[in-house]
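See structure below.
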Amino acid sequence: MSYSWVGAPTEFNGTNAETGGDSSTENLNQWYQSGDQAYILIAAAMVMVMVPGLGFLYSGLARRKSALSMIWACMFSSSVITFQWYFWGYSLALSGSATSGFIGDLRRFGLMNTLGAPSPGSPLVPELLYAFYQVRMQFCAVTAAIIVGAVAERGRLIPMMIFIWIWATIVYCPVACWAWGANGWFFAWGGLDYAGGGPVEIVSGMSALAYSMVLGRRQEKMMLNFRPHNVSLITLGTVFLWFGWLGFNGGSAFGANLRATVACWNSNLTAMFAAMTWVLLDWRLARKWSMVGWCSGCISGLVAATPASGFITPWASVALGITTGIVANFATKIKFWIKIDDALDVFAEHGVAGMVGLLFNGIFAAPYIVGLDGVNTIDGGWIMHNWKQLYIQIAYIVACTAYSFVVSALIAFAINKIPGLHLRASEEAELLGMDDDQLGEFAYDYVEVRRDYLAWTPAKSDPITTEHDIPQGDRHGISQHSQMLEGKAPSESSHDGAHTGIGGDRHAIAAGREGVHNEKNSLEH
């Protein structure tokens with residue numbers, strides 16, 4: 001294949017190959033199209049929406065008493081990753097001067113020497129924009145937000161945030177270097193991973209599985225009659241993810257070009273066919289149409305499109321969506337075989353779906369799709385008689401799977417042994433819910449109102465047969481509520497002046513241990 005011109009619209013010949021030149025005396029924007037830069041900035045903003053989208057999705061999938069903790073975990077993990085990526089993450093993952101093929105170096109520590117030179121990923125955008133797009137949830141921060149689903153309903157939050165920092169440094173950064181580093185072994189071998197089937201999807205799925213294994217299963221009595229508490233929130237989160245994924249995959253063409261358009265087309269096709277397939281598979285069992293099933297299928301399809309949407313044809317994306325819907329749906333059963341409580345099916349919907357997308361690259365990758373960005377060329381997959389591409393993809397899948405699972409498990413195990421950083425909350429905290437135990441705030445005010453009600457309910461083993469006669473002013477566990485009921489202005493502090501925090505239910509302390517025990521039994525379901 002040949003082009004009249006391959007590369008950026010203007011060939012870079014700045015005065016400084018590392019930084020692009022002296023911006024105080026030179027216009028460093030001259031080497032780039034403003035439209036390409038604007039498109040990537042907008043794509044980065046779109047992708048940023050994916051993190052709260054994951055928070056809403058996970059919140060809806062959990063019980064209401066742990067709903068807010070899932071949103072907090074996703075949002076705070078983004079803060080951790082932004083710091084890590086600025087500090088040394090970008091340099092360790094994608095430094096253009098690294099030569100090891102396994103991990104980068106520290107020449108870009110703190111974004112040093114990162115300014116206006118063409119990026120390692122594409123000559124269409126400057127390196128500073130490339131680094132920003134990489135961190136703004138496109139890769140590392142979204143991956144971290146996916147992984148925090150492993151703490152659902154039983155994990156402490158701060159140990160998870162410490163895990164995320166270490167994991168980003170010694171798990172994510174090396175795998176990102178393999179896939180996209182200028183000298184990464186998979187990239188140099190001719191491997192095809194468009195937007196992160198390895199670093200984002202396989203790594204998130206396997207790391208979440210490893211963390212769940214170390215964390216342990218939820219209490220069996222907590223699993224009785226379990227179902228997502230808010231399907232509307234699940235749908236909202238899925239729509240946020242769908243919107244952000246168009247920036248995720250479209251923006252990975254690193255320019256406003258035809259390859260970005262094809263990537264968006266492929267992402268939608270794969271997602272919609274996977275969603276329909278998943279819903280039909282669920283219908284065969286329940287004879288009911290499932291909104292949660294549609295959301296699960298849509299997400300698994302978008303995951304599979306992540307490594308493939310910039311390489312394969314639209315008709316292959318239809319096949320990818322159907323295949324992913326089937327494989328990921330049945331993969332949700334694996335956690336029961338291996339007895340690991342992957343509460344939110346991160347392994348099936350991200351890890352397995354990412355593997356499927358990478359395998360499709362080995363078969364259906366087409367040179368003319370890649371050439372639509374005017375920069376890159378490839379030999380293609382099996383449909384172009386490039387037989388070796390499939391075993392290259394398989395080797396990469398095995399390497400990402402094994403490395404991310406083993407190293408993540410070791411990190412989680414080590415953190416769990418540090419005094420004060422044990423991963424799991426207490427049994428009492430699990431019964432109360434992670435919102436009360438870890439945050440002291442609730443996603444829904446009626447969770448706390450219900451506990452106020454339980455606080456003044458007599459804690460007796462035998463039911464009361466006579467009529468309740470409780471004075472109006474004593475009918476709430478919080479004194480301000482009682483004062484408002486009596487028409488008085490609420491005082492600044494409660495009658496006992498204490499907030500019992502995460503040690504237990506703050507409104508039932510006075511009732512004694514028996515009262516707390518009875519309250520726990522009522523909260524169990």
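Computed over heavy atoms, backbone and side chain alike; hydrogens, waters and symmetry mates excluded.
With no hydrogens or angles considered, no side-chain donor-acceptor pair links N266 and Y194 at under 3.5 Å. Between the side chains of S207 and W167, a donor-acceptor pair is found at a separation under 3.5 Å. D193 and W180 are not linked by any side-chain donor-acceptor pair at a separation below 3.5 angstrom, with hydrogens and angles left out of the test.
Sorted by first then second residue, the side-chain hydrogen bond (donor to acceptor under 3.5 Å, both in side chains) pairs that include residues 415-426, not counting sequence neighbours, are R424-E430.
Aromatic ring centroids of W283 and W289 lie under 6.0 Å apart.
Every residue two or more places apart in sequence or in another chain that forms a side-chain contact (heavy atoms from CB on, under 4.5 Å) with S290 is listed here: D282, V292. Taking L236 as the reference, F56, L233, F240 meet the side-chain contact (heavy atoms from CB on, under 4.5 Å) condition, with sequence neighbours excluded. K333 pairs by the side-chain contact (heavy atoms from CB on, under 4.5 Å) definition with N329, W337, not counting sequence neighbours. The salt bridge (charged side-chain N to carboxylate O under 4.0 Å, His left out) test applied to D342 returns no partner, not counting sequence neighbours. W245 meets the ring-ring contact (aromatic ring centres under 6.0 Å, His included) test with F248; sequence neighbours excluded.
From L344, atom CG reaches atom CD of E349 across 9.0 Å, with rounding to the nearest 0.5 Å. Taking CD1 of I340 as the reference point, atom CZ of R217 lies at 10.0 Å (rounded to 0.5 Å).
No side-chain heavy atom of L61 sits under 4.5 Å from any side-chain heavy atom of M70. A 4.5 Å side-chain heavy-atom check between I418 and I162 finds every atom pair outside the cut-off.
Using a cutoff of 4.0 Å between basic side-chain nitrogens and carboxylate oxygens, K335 and D345 are scored as salt-bridged.
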